[in-house]
Visitor: 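Structure below; questions to follow.
Every chain is numbered from 1 and lettered A, B, ... according to where its sequence line falls, protein lines coming before strand lines.
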Amino acid sequence: MNNLIPREYDLLASRKVKSGPLLVWAGMDPSRSASLFTALSPSLATSVFTTLSLSLSLSLSHLRRLFSLFEVSEGPMREGIRVLNVAEKPSVAKAVAGILSQGRLRVREGRSRYNKVYEFEHAIRGQRCHMLFTSVTGHLMEIVFHERYKKWHSCDPADLFSAPIQKHVPQDKLDIKRTLEEEARTCQWLVLWLDCDREGENIAFEVVEVCTTANRNLDIWRAHFSALIDREIRHAVQNLGRPNQLFSDAVDARQEIDLRIGASFTRFQTMLLKNAFVLNISDDDKNVIVSYGPCQFPTLGFVVERYWEIQAHEPEEFWTINCSHKTDEGIATFNWTRGHLFDYSCALIIYEMCVEEPTATVKKVSHQERRKYPPHPLSTLELQKRASQYFRMSSEHTMKVAEDLYQAGFISYPRTETDSFSPNTDLQALVREQQGHPEWGSYAQRLLSPEGLWRNPSSGGHDDKAHPPIHPTKFSAGESSWSPDHHRLYELVVRHFLACVSQPAIGAGTTVEIDIAGEVFVASGLMIIEKNYLEVYRFESWGGSTIPTYAFGQQFIPTRLTLDSSVTRPPPLLSESDLLSCMDKAGIGTDATMHDHIKKLLDRFYAIKDSNTRFSPTTLGEALVMGYDCMGWDLWKPNLRSAMESDMKAVSEGRKTKSEVLASCLQQMKDCFLDVKSHKAKLFETMGIFFERSNTPGGDNLHLAGGKVRSCQQCQESEMVLRRRPDGSFMVGCLRFPLCRNVVWLPGAISEALVTEHVCNVCNPEPVFKIQFKFRRMEIPPNFDTEHLGCIGGCDETLRELIQICGTGPRNLSSGSGTRGRQPTQFSGSAQRRNTSQVVCARCRQSGHSSNDCPQISRSQDAQRPGHGNSNSGGADVLCESCQMPCTVRTANTENNRGRRFYKCDRQECNFFIWEDAIGSGNRGASRVNGNRSSVRGGQAGRGRGRRGARSGAATFVTATGEPVSDRRCFSCGDPSHFANVCPNRGM
DNA sequence: GCAAGGTC
């Protein structure tokens with residue numbers, strides 16, 4: 001036994017530890033200390049302590065007092081273990097220490113002002129322990145490249161895939177590191193209370209590294225807990241395990257991959273592009289960073305993809321039969337169970353059948369109880385989405401406000417994936433707290449009363465095992481220091497919580513099914529009986545609508561039976577809420593970082609957010625995505641991140657090793673990088689479509705040809721300027737590109753072009769400046785001069801002929817984007833337009849579209865479509881009544897006329913406009929309130945084929961001019977002997 | 001000057 005004493009003596013004497021009740025046992029092997037302590041007699045102990053006191057300059061009386069205290073208070077002497085506990089954040093350290101000490105604890109400052117040290121006594125499995133509880137603030141370490149590779153120009157970015165890296169504690173974490181080192185030296189155990197996820201496990205190993213460097217004898221333990229509630233924490237401390245190296249390895253791999261590919265691609269892109277093009281995205285383009293990241297790029301990809309989808313959308317007309325019935329009790333709107341038909345003829349035949357036999361027979365009446373359930377408990381993602389939807393707050397701002405509320409103790413930890421409460425949570429106590437609130441206090445009181453409003457919250461099925469759902473933790477009727485957004489967010493958290501523990505809303509639903517000439521229509525009504533959670537959750541509503549009473553077999557004539565047309569619409573731009581959902585679905589980012597990735601898109605000028613919180617790509621964002629897409633690499637898609645995530649999972653489960661995943665992933669990404677690098681001309685080319693070349697050093701010899709040629713007649717907002725593309729060809733394009741895509745392509749044989757001051761005296765509107773061209777002799781026929789003063793306004797036959805002879809592209813057009821054996825992803829929109837705009841239409845001889853897309857053909861085809869039969873617009877231009885110039889056909893995008901085409905004179909002073917469907921109907925210039933093409937009652941002009949009128953419930957046919965039709969013929973075959981509903985050719 | 005992940 002005595003042989004232990006010198007060891008203890010050495011340990012203690014060698015360290016300048018602070019005094020404390022368990023001082024003398026610091027550094028002792030806990031498995032042996034018990035027997036040592038038990039065997040020590042008071043006299044022997046006194047002797048030991050005397051020696052120690054001399055070495056440690058402590059008073060003997062102090063040591064005696066400590067020893068006596070033990071002897072008296074503990075009976076048979078038991079050893080005390082000094083345990084260093086480390087949590088991932090200060091709040092967790094405080095909460096766990098509070099639970100385990102039951103409030104009997106001491107607090108002292110650590111080296112870091114945020115990370116305090118709590119001290120208390122606690123028994124772990126009967127073992128007396130002196131607990132020191134402190135924290136880190138997330139990751140303690142970061143990985144960086146070795147000094148040699150840190151400067152951007154220190155190496156080829158490709159070298160970053162293999163450059164040596166090191167993990168170190170950054171400057172701002174050194175205080176925390178010192179605290180850990182100092183406390184670890186005095187302890188025998190280290191218990192890791194990091195969050196129970198992969199990142200938490202990785203942070204745990206960072207703590208282990210720091211602590212064991214200071215004290216290699218530490219016994220390392222891991223506490224596993226899923227919520228900061230008594231039972232969980234007490235169970236965790238009595239069932240300590242060991243940290244999971246595999247979880248940590250997975251994070252190590254992710255960190256290294258993220259760093260290497262992020263740094264390499266970012267350096268490459270930035271150095272390649274920022275000096276070569278006039279990006280015009282910041283006051284100083286020199287500071288621009290064209291970053292790449294495995295999360296930010298797929299996030300951008302979602303934005304661009306939706307944008308392209310909208311651009312590529314072509315409205316398609318469809319037809320619906322709508323029916324309504326008005327009685328003294330109200331109106332029932334019946335929906336056609338076929339939904340809608342794209343075939344006008346079919347729709348019209350069916351409609352004629354209905355009008356022919358318009359009596360509706362009630363086939364089914366059903367009554368059901370309907371319930372609208374309250375939302376699941378609040379996760380971070382839902383908080384962000386709802387704050388965006390209800391208050392238009394950005395996800396980033398939401399998290400800042402939530403963090404403030406959390407720091408001040410009003411709400412629980414705001415970064416959580418969990419959307420179900422632990423059964424041990426005292427939810428009623430949380431509700432009780434809110435009883436005094438002037439707005440929702442009475443609802444909280446009712447929740448706790450026996451009236452039955454209470455309901456245990458549902459589970460959303462997610463649990464990050466680290467934090468509870470976001471909920472209020474402290475009552476507030478509003479603090480004076482709060483901004484309006486603090487008020488809003490606190491209110492959302494409280495109301496959401498109260499809603500979660502409430503009964504669902506209950507309604508009485510009625511469904512009525514009717515039959516008109518064999519066609520089925522359905523109407524439904526809903527009457528809210530009990531609002532329940534909707535009373536407190538004012539952000540949601542439940543559209544209550546009542547319908548008249550119907551009985552089975554009842555018959556009636558519909559008040560309104562109309563054949564209505566509408567057009568398909570493109571999806572809207574992605575809202576912030578949509579974007580968060582896309583990211584969540586694809587596993588891009590975490591609950592704590594998703595808003596960062598969105599913000600990064602804005603910071604990097606890759607996307608903009610409009611006032612409706614909808615995102616569209618900037619020119620730079622679209623160009624980058626298009627550039628990579630043209631090269632055939634899916635770097636902007638979520639696949640890469642998903643694959644990485646899958647590999648991380650494999651590492652954490654032991655199916656793959658960290659080194660295995662690192663080697664394969666980095667090799668793959670390096671191959672990709674080298675390929676992109678070798679095809680950088682492609683990226684350059686795409687950028688050249690969107691941006692002017694820069695003359696600043698660092699760019700190459702391509703340059704903007706420059707000079708205004710004319711004002712843009714398409715957007716009417718900007719100018720058409722002469723440009724030279726990276727492939728050497730010339731074009732005249734609108735400065736607003738890509739917002740305006742007006743372009744005039746020029747012959748490929750041009751070697752030089754210069755805008756002159758000569759104004760064309762033929763083309764309008766003036767001025768159209770002529771361009772001095774120089775052609776390459778070998779590329780034009782001998783009868784053409786190499787010098788030519790030309791006009792792009794449409795009068796120049798020479799240019800037109802040379803375009804036909806030489807084409808518009810560069811001399812050696814590459815084979816396009818599929819040159820590496822891999823076809824690029826097909827996408828519509830801008831890229832397709834770019835390709836087609838390089839050809840000349842064989843029909844109208846205009847450049848910028850192929851004969852397939854020729855607007856003249858489109859107009860002719862339009863004339864062939866149903867509904868255009870009587871139109872006088874077919875095939876011929878509509879001329880402005882004022883200036884007699886051809887009008888431009890456009891599509892309306894207003895709420896009442898969305899999708900409806902009209903002709904408009906481009907000359908602003910004319911102000912001439914006419915609906916396409918009004919041409920020939922005698923309704924020139926008349927606008928329509930709705931899209932009805934035919935109606936039983938009160939319809940407006942039809943599409944030329946005829947419209948329906950009504951007399952007291954009986955259907956009548958009228959012509960476009962309103963005259964009754966007496967000699968109706970079958971619509972399908974034209975035979976006057978029968979109607980379409982009995983046409984023998986029907987269905988052929 | 002670069003990533004994404006923690007957290008203050």
Visitor: Using a heavy-atom cut-off of 4.0 Å across all strands, would you classify A:R113 as base, sugar-phosphate, or nothing?
Guide: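 The answer is nothing, as A:R113 stays clear of every strand by at least 4.0 Å.
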Visitor: What does A:D195 touch in the nucleic acid at a heavy-atom separation under 4.0 angstrom: a base, only the sugar-phosphate, or nothing?
Guide: sugar-phosphate
Visitor: Using 30° and 60° as the class boundaries, would you call the ring planes of A:H486 and A:W482 parallel, tilted or perpendicular?
Guide: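 Ring orientation, 0 to 90° scale: parallel.
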Visitor: When you measure from the side chain of A:C295, which nucleotide among B:dG1, B:dT7, B:dG5 comes out closest?
Guide: B:dG5
Visitor: Given B:dC2, B:dC8, B:dA4, which nucleotide is nearest the side-chain atoms of A:R641?
Guide: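 When the side chain of A:R641 is considered, B:dA4 is the closest of B:dC2, B:dC8, B:dA4.
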Visitor: Does the side-chain ring of A:W152 sit on the six-membered ring of the B:dG1 base, less than 5.5 Å centre to centre and under 30° in tilt?
Guide: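 One would call A:W152 stacked on the B:dG1 base.
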Visitor: With a 4.0 Å limit, can you tell me whether A:Q296 has a side-chain N or O closer than that to the phosphate oxygens OP1/OP2 of B:dA4?
Guide: yes
Visitor: For A:K600, report the nucleic acid contact type (base, sugar-phosphate, nothing); a contact means any heavy atom under 4.0 Å.
Guide: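 If one applies the 4.0 Å heavy-atom cut-off, A:K600 turns out to touch the sugar-phosphate alone, with no base involved.
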Visitor: Side chain of A:H597 only, heavy atoms from C-beta on: which candidate in B:dA4, B:dG6, B:dT7 is closest?
Guide: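 That would be B:dA4.
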Visitor: Quick one: is A:Y149 getting a side-chain N or O under 4.0 Å of the B:dC2 phosphate, OP1 or OP2?
Guide: no
Visitor: When we call it a touch if two heavy atoms are under 4.0 Å apart, what does A:T270 touch: a base, just sugar-phosphate, or nothing?
Guide: base
Visitor: So if I take every side-chain heavy atom of A:Y406 and compare against B:dC8, B:dC2, B:dG6, which nucleotide ends up nearest?
Guide: B:dC8
Visitor: Any idea which heavy atoms bring A:D195 and A:R222 closest together, and the distance?
Guide: O-NH2, 3.0 Å
Visitor: Base, sugar-phosphate, or nothing: which does A:R198 touch, judged by heavy atoms less than 4.0 Å apart?
Guide: nothing
Visitor: Could you please name the option among B:dC2, B:dC8, B:dG5 that lies closest to any side-chain atom of A:A263?
Guide: B:dC2
Visitor: Could you check whether A:F302 and A:F297 have their ring centres less than 6.0 Å apart?
Guide: no
Visitor: Pick base, sugar-phosphate or nothing for A:G589, based on heavy-atom distances below 4.0 Å to the nucleic acid.
Guide: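 Touches sugar-phosphate only.
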Visitor: With sugar-phosphate meaning primed atoms plus P, OP1 and OP2, does A:E403 contact a base, only sugar-phosphate, or nothing at under 4.0 Å between heavy atoms?
Guide: sugar-phosphate
Visitor: Give A:T266 one of three labels, base, sugar-phosphate or nothing, depending on what nucleic acid heavy atoms sit under 4.0 Å from its own.
Guide: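 The answer is sugar-phosphate, as A:T266 gets under 4.0 Å only of primed atoms, P, OP1 or OP2.
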Visitor: Can you check whether A:F265 and A:Y292 have ring centres sitting under 6.0 Å from each other?
Guide: yes
Visitor: Taking for each residue the nucleotide of DNA chain B bearing the nearest heavy atom, is the 5' side occupied by A:K151 or by A:P294?
Guide: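 Its nearest nucleotide being more 5', the pick is A:K151.
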Visitor: Students often get this wrong, so: under 4.0 angstrom with heavy atoms, is A:R254 touching a base, only sugar-phosphate, or nothing?
Guide: base
Visitor: Closest approach to the side chain of A:R604, judged atom by atom: which nucleotide of B:dG5, B:dC2, B:dT7 is it?
Guide: B:dC2
Visitor: Any side-chain N or O of A:R415 under 4.0 Å from OP1/OP2 of B:dT7?
Guide: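 So the side-chain polar atoms of A:R415 do come within 4.0 Å of the phosphate oxygens OP1 or OP2 of B:dT7, strictly under.
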Visitor: What's A:F265 touching, base or sugar-phosphate or nothing? Going by heavy atoms closer than 4.0 Å.
Guide: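 No contact.
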Visitor: Consider the side chain of A:H153, meaning its heavy atoms from C-beta on, and name the nucleotide among B:dG6, B:dT7, B:dG1 that approaches it most closely.
Guide: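 Per side-chain heavy atoms of A:H153, the pick is B:dG1.
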Visitor: Taking only N and O in the side chain of A:T137, is any of them less than 4.0 Å away from OP1 or OP2 of B:dG6?
Guide: no
Visitor: Under 4.0 Å between a side-chain nitrogen and a carboxylate oxygen: does that hold for A:R178 and A:D175?
Guide: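 Looking at A:D175 together with A:R178, the answer is yes, because their closest N to O distance falls below 4.0 Å.
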Visitor: With sugar-phosphate meaning primed atoms plus P, OP1 and OP2, does A:E88 contact a base, only sugar-phosphate, or nothing at under 4.0 Å between heavy atoms?
Guide: sugar-phosphate
